[in-house]
Each structure stands twice: as C-alpha cells, then as structure tokens.
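Here the structure is a predicted model, which is why all the values come from computation and not from measurement.
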Amino acid sequence: MMIGTVGSLDVLGTNVRMLSSYIKCMLLLKPIRLRTRQISQYASAASQELSAPKAVSTTPPKGLNFYISTLQTCASVDQLHKLHAEILKTHFSRNVFLLTRLAHAYLKFGCLNIGERFVVSIIKNPPLFLWNERIKCYARKGRYRESVDLYYEMVRSGYKPNAFTFTFVLPACAGLKSVKDCRRVHTDVLWFGCEYNEFVITALIDVYGKCGDLSSARQLFDEMPVKKTASCNALMAGFVLDEKFDDALSLFNEMKKLGIPSDTITMVRVLQSCASLGALQQGRWVHEQIIRTQMVVNVQLSSALINMYARCGSIEEAHHVFEEMPKKDLIAWTSIICGYGMHGLAHLSESLFLRMVSHGLRPDAITFVGVLSGFSHNGMVEKGWYYFKKMSDEFNVKPVLEHYSCMVDMLGRAGRLNEAENLLKHITVKPDSMIWGGLLTACKIHKNVEMAERVVSKILELDPTNAGWHVLMSNIYATCEKWDQVAKMWGKIKDLKLEKQPGWSSIEVTGQIHTFLVFDQSHVMSKEIYSYLKYVKERMKVEGYVPETSVVFEKVDEETKEEMVFCHSERLAIAFGILSTLDGDVLRVMKNLRVCVDCHNVIKFISRIECREIIVRDAKRFHCFKDGVCSCGDYW
C-alpha cells in the first residue's frame, strides 16, 4: 500500500512538473498566436492528458529526431499547428534547435508573424537559413522594402550571405524596381564570392531587366560561361517588359543556334513579342514548334497563343486555339473575349462572356475591359452602360481607370461629350492624362474647340512634356481653321523642345518585319512602292476617289495636301505587301497611330481593286478591309 502511495505521488509530481513546464512555455510563446479555436482544442486536450491517471506505456517516448523529421513532412499549416501543440507538451518545448526548425517551418508556410515571434522572443542568434527564410517570406508577401532591409541588417550583424540569400533578396529588389538596391546587393555578390553561381547570376539578370537596366542585364548574360534556359528567360523577360520585342525574338533565335532548349516560359515571352510586333508568321512558326516538340501546353501558354493570334489579326485562329483547350480558366476566357472586343466584334464578345458566366466562372476587371471595348468600337452606348453597372452591382468588380476610359471613349465617339466630361468629374479614381486624352480625341472628331481647351489644360497639368497633346490640340484648332492658335501650339512645342512621335506602319513578309515612316524612301523597294501608289491613285480616281485633304492640319494649298496624304506610312506598307506577296494573300499592317479618314478610304479602294483582304491594327482597334468595305462600318 505504501509503495502504491509513493508511486502515485511520484506520478502526480511528474505531471505537475510537466504541466508547469507547459504553462511556462505557453507564457513564453504567448505572442505566437495559433488559431483561437485550435488553441483551445489543443490546450484542453493537453490538460486532460496531464491530469488523467497515467497507464504504464510500452511505447518508447518520441525523440528529437522524430519531431524534426515530422516537421519536414508537414503538408499544411493545420498539421504544423498540431505538431507545435504536441511539442509544447514535451521537454523539447524549450529546445532551441527544435524551435529553430519549427520557426523555419512556419516561415515556409508563409506564417511570417509567428516565425518572427520565434526569432525575437526565443532564438536570440538565428542561424543563416532562418535569416534566409525570413527574407524570402517577406518578399513573397510583397513586403519588399522589409525584405531588403532585413538582408542589410543580417549583413551588419556579421552573417555571411550565401547563394540562397541572394536568390531570395534579389526578387525583393525587383519588386521595388530599385536599381540602387540591386547594385548594392550585386556588390555583395562579388564580395562574398557568389559571382559564378548560375542561380545568383540569373537572379541578377532578372532584377536588372525588371528595373530597366538592360545593358547590365545583357552584360551579365554575355559573360556567363554557360547559358541555360533560365538565364535566357530572365533576359527575355526584361526585353519584353521594356517593349524591346525585336531583341526578345533575336534572343530566341540565339537560343536555337546555341542549342538551348525552350520551355513554356520561353514560348509565352516569344508569343508576347510576336503579338506586339504583329508577327503572325513567326507566331505560327512558334506554335508549330510547340506542337512538334510535344511541349506541355498549359493554360498560360494557350492564353498566350490566343492573345498572339488575336493581336496579329487572325481572330479565327485565336478562336480555334480557345475551343481546342481541354480546360479553360478565367485567363483563357478573358483572352478570347478581349480579342473579339479589339476586333470590334461586340456581339461575339458578349456571347462568350455570357457563356463563361454560365460555366460558373466570375469575370474580373480585365474581362470587363474586353467587353466594354467591343461596345465602344460599335457605338453601343446603352449596352455599355448596362454592363458598366452590372460589373459592380452583380459581380462586385470595382471600376478602375481602364473601365472609365472605355466609357469615355464610347460616349465621346457617339458625340455625347457633355456626358463623358461629367463622368470624368465624378469618377471614384483620379483620372490620368490618357483618359482625358480620349475625351480630347472626341473633341477633335466632333470639332468642339471650347471643350477641347478645357480638357487640354487638365492634360498638360498631368503630362506637360508629351508633344502628342500639343499636336492634337493644334490639329483641333486646324479643323476649325484657327491658324493663329495652331501657330501658338507649335511655338510651345518648339520652346519646350518637345519631340513629336513619328507615325509608322509595319508589315510582315516572309517572317521579316518591314517598317515605314511618312514619306519614307529608305526601303530598297522605294522606287517600286511609289510607282505602285501613283498607279493605284489613278485607278481610284477613275472609280470616284476624292482625296480627303481635311486630314492635313497645315495651311497649304490643296495640291500640297494631296501630296502629303499620298505618302502616309500605312499606304507604303500596303504597297510593299502587294508587290511582295502572292495574289489573294491577306495583308496585315500594324500602325502606331489612328488611321486617318483619307487612308481609310484609300485602303477600301485598294482592297476592291486588288481583291485582297487587308487587316490594319491601329492605335485603337482592328480594321478588316474586304471588297471595298471595312469591318468598322466607318465608325472608329
């Protein structure tokens, strides 16, 4: 009996000590908050277990290696919470080595606050891998400044960063778009001997590209002894971000020559470049390569193909890729909806939108931009207002500048200028120069000088060094023959030393992009091009063509005006295309400005005379000319 009593007291004493240890650890870790419901559940279970009589167990106690191994295999935060609670019931609850691994596990799951509390409250001298994980966790949370500053603190504390450290902190520099931080970290890369690590160099190429320092990115790339897919993708991403699409395609060709394999990321970047350049033939070749190499076509790659075909003027091929997709996510639906929208096919864009919603997908802000732009290109104002309101009322999508821009453009083209101006006065976001510019363009179309003067004053407050706004206002004055005001606007351009963006057009022939400026005579076929334009001009006059010289905003005689519109860049590109391709081939021309009224008329004539389909992508939309008619219905 005495033996039993002593034994019972011993067990009770052990339980009391364990409970005391448990409470102390909980107080120590009080700032590390688990989910409230889980805490109560786990703590209650632990209390019941400690107060209950203990049966003699034949199971050996779990050791340190067990908990470390289990931490490495945790598949969710919930599992980690449970393991944490179990550790708190053991004598390992104050083992710094185990708690360091526990903090690391929390950080890996993105539980930054809990991980940080461990470091601040318990682990006084965290090992390097814990610093690394904290830096990475801050960066992944979008807290880039804190990530970079934590790196600086680590170095000041005497820690030597390794390759992992640099690959974690450099993306934070990219997030900040800070060349200054990037160069400072780059200096540390050299100082700590990581300049030959391919992962670190690839991260540096990536961050320099994203920060706009492409010369440094290119230099690092060229100095790499062995170039791999990842480093090529990093440099290509920089080119695409900086809109150097020709350089991106050149790099892709360089990869092929060096035998560097492409992956889906490479192909997405290449397709983005083809889309921006209007390089349909190159885009088709890339598509063929994807099929030939049996590359796994994920949703991102399929969406890039849809976008490429749509922006290169082949909406039919875009639709085919979309319908062939076994699984369509929101990005894919949005890509095809926006494609139809930019082609002015509003009814098809709306039909796809309704079909997407019927499949249970909720549209996002970009989806509505595609739908609204389609209505804008067709003058469907009431339908546009309906979807604009539906966007927030039914789908809880808050309007942003792009949506308001579509509405202003839609109202302005329809001649409802006062309504458009009133909308801009009451929008929930601050208007930028581009959205005001849409209204200014509408003022030009409808010759409303009074409103234009109000609008341009707001634009120049926001964007005073853009010559384009001065030129547009000058053109508005010219349409109303206010030549003294035209002279004043050009005087301002001269005084401010502003440079007007030149108009250009490009066309792809046999995989090569040919670009033309106004009055361009630099092309090797210039003689043949101008000869063809003279020939077709005479043909058009026979069929009733009368030059629309009102598009020339200079005070010159009619003959000079005719000569000036005669050499617009899109005409040169089309003439070259007709001379360089087979009869019946579709011509696709890209233009950086809106096509003028006279060129629009001329292209309609040429499409009928040459029996050609001519697709022109200008700054706003697509025009498909066929048999003397344009798909825009002369509304653009």
Side-chain angles (χ1 to χ4, degrees), residues 142 175-178 210-212 240-243 276 311 334 338 341-342 363-377 381 384-385 387-389 391-392 397-446 448-476 489 492-493 496-501 503 591-594 617-621 636:
L176 291 170
K177 290 184 168 48
S178 171
K210 288 176 179 174
C211 292
V240 172
L241 194 64
D242 204 41
E243 298 185 358
S276 298
R311 293 188 65 195
T334 298
C338 290
M342 74 175 76
D364 64 4
I366 302 173
T367 316
F368 278 103
V369 170
V371 174
L372 292 173
S373 65
F375 296 139
S376 175
H377 294 322
V381 178
W385 270 124
Y387 272 87
F388 183 77
K389 293 172 183 175
M391 177 174 66
S392 53
V397 175
K398 186 179 179 180
V400 293
L401 271 178
E402 288 77 10
H403 303 118
Y404 286 113
S405 181
C406 287
M407 294 305 298
V408 169
D409 190 56
M410 187 187 307
L411 293 166
R413 289 196 210 186
R416 295 160 69 163
L417 300 182
N418 291 329
E419 197 175 340
E421 186 179 26
N422 188 57
L423 176 64
L424 280 176
K425 289 178 180 177
H426 297 93
I427 63 176
T428 56
V429 291
K430 184 180 179 181
D432 63 3
S433 61
M434 296 306 295
I435 194 169
W436 282 111
L439 183 55
L440 188 62
T441 300
C443 291
K444 174 178 173 287
I445 295 170
H446 299 286
N448 190 328
V449 178
E450 184 182 348
M451 182 180 289
E453 289 175 334
R454 289 199 305 272
V455 171
V456 79
S457 65
K458 295 182 180 295
I459 292 174
L460 294 179
E461 287 176 9
L462 298 166
D463 190 14
T465 60
N466 188 332
W469 305 126
H470 295 81
V471 173
L472 180 54
M473 191 63 216
S474 169
N475 293 345
I476 292 170
M489 292 306 298
K492 287 182 180 178
I493 293 172
L496 294 170
K497 297 180 180 180
L498 304 179
E499 291 188 10
K500 177 180 176 289
Q501 181 187 25
K591 182 175 173 62
N592 68 327
L593 304 176
R594 269 190 181 178
R617 185 181 90 190
D618 71 6
K620 277 292 181 181
R621 62 161 297 161
W636 80 100

Original post:
Do NZ/NE/NH1/NH2 and the carboxylate oxygens of D409 and R594 come within less than 4.0 Å?
Top reply: yes
**OP:** Please report the shortest heavy-atom distance between L593 and D618, naming the atom on each side.
**Re:** O-CB, 3.2 Å
**OP:** Keeping the roles fixed (side chain from H446, backbone from G412), state whether a donor-acceptor pair exists under 3.5 Å.
**Re:** yes
Subject >> Heavy-atom pair of closest approach, residues I366 and C338 >> reply: O-SG, 3.7 Å
Subject >> Any H377 side-chain heavy atom under 4.5 Å of R621 side chain >> reply: yes
Subject >> Atom of L372, atom of F388 and distance for their closest heavy-atom approach >> reply: CD2-N, 4.1 Å
Subject >> Test log, rule side chain to side chain contact (heavy atoms under 4.5 Å, CB included), inputs L411 and L423 >> reply: CA-CA 10 Å; L411 293 166; L423 176 64; 4.3 Å; yes
**OP:** Enter the distance from E421:CD to L424:CG here, rounded to the nearest 0.5 Å.
**Re:** 8.0 Å
**OP:** Only pairs at least two apart or in different chains count here, so list each side-chain hydrogen bond (donor to acceptor under 3.5 Å, both in side chains) that has a residue in residues 429-444.
**Re:** none
Subject >> I427 side, atom CD1; N422 side, atom CG - distance, nearest 0.5 Å >> reply: 11.5 Å
Original post:
From L417 CG over to E450 CD, what is the distance, rounded to the nearest 0.5 angstrom?
Top reply: 11.5 Å
Subject >> M451, CE atom: more than 12 neighbouring heavy atoms under 6.0 Å >> reply: yes
Subject >> Rounded distance [0.5 Å steps], CD1 in I435 versus NZ in K458 >> reply: 13.0 Å
Original post:
Side chains of L440 and I459: does their closest heavy-atom pair fall under 4.5 Å?
Top reply: yes
Original post:
Below 4.5 Å, heavy atoms only, C-beta onward: do K620 and R413 meet side chain to side chain?
Top reply: yes
Subject >> Student check: side-chain heavy atoms of S276 and R311 closer than 4.5 Å >> reply: yes
Original post:
Does K500 reach the side chain of I493, with side-chain heavy atoms less than 4.5 Å apart?
Top reply: no
Original post:
How close do A467 and L498 get, heavy atom to heavy atom, and via which atoms?
Top reply: CB-CB, 3.7 Å
Subject >> Non-hydrogen side-chain atoms of V449 and E453 separated by less than 4.5 Å >> reply: yes
Original post:
Hey, is the main chain of V400 close enough, under 3.5 Å, to the side chain of H403 for a donor-acceptor pair?
Top reply: yes
Subject >> Contact check, side chains of M410 and W385, non-hydrogen atoms, under 4.5 Å >> reply: no
Subject >> Those residues that, when tested against F368, pass ring-ring contact (aromatic ring centres under 6.0 Å, His included) (two or more places apart) >> reply: F353, F395
Subject >> Min side-chain heavy-atom separation K210-K177 under 4.5 Å >> reply: no
Original post:
Taking all atoms of both residues into account, what is the closest heavy-atom pair of L401 and P431, and its distance?
Top reply: CD2-CA, 3.9 Å
Subject >> Rounded distance [0.5 Å steps], CG in D364 versus CE in M391 >> reply: 11.0 Å
Subject >> Main-chain N/O of V369 paired to S373 side chain as donor or acceptor, under 3.5 Å >> reply: yes
**OP:** Taking all non-hydrogen atoms of both residues into account, name the closest pair between F375 and G384 and its distance.
**Re:** CD1-CA, 3.9 Å
Original post:
Roughly how far apart are N592 CG and R617 CZ, rounded to 0.5 Å?
Top reply: 10.5 Å
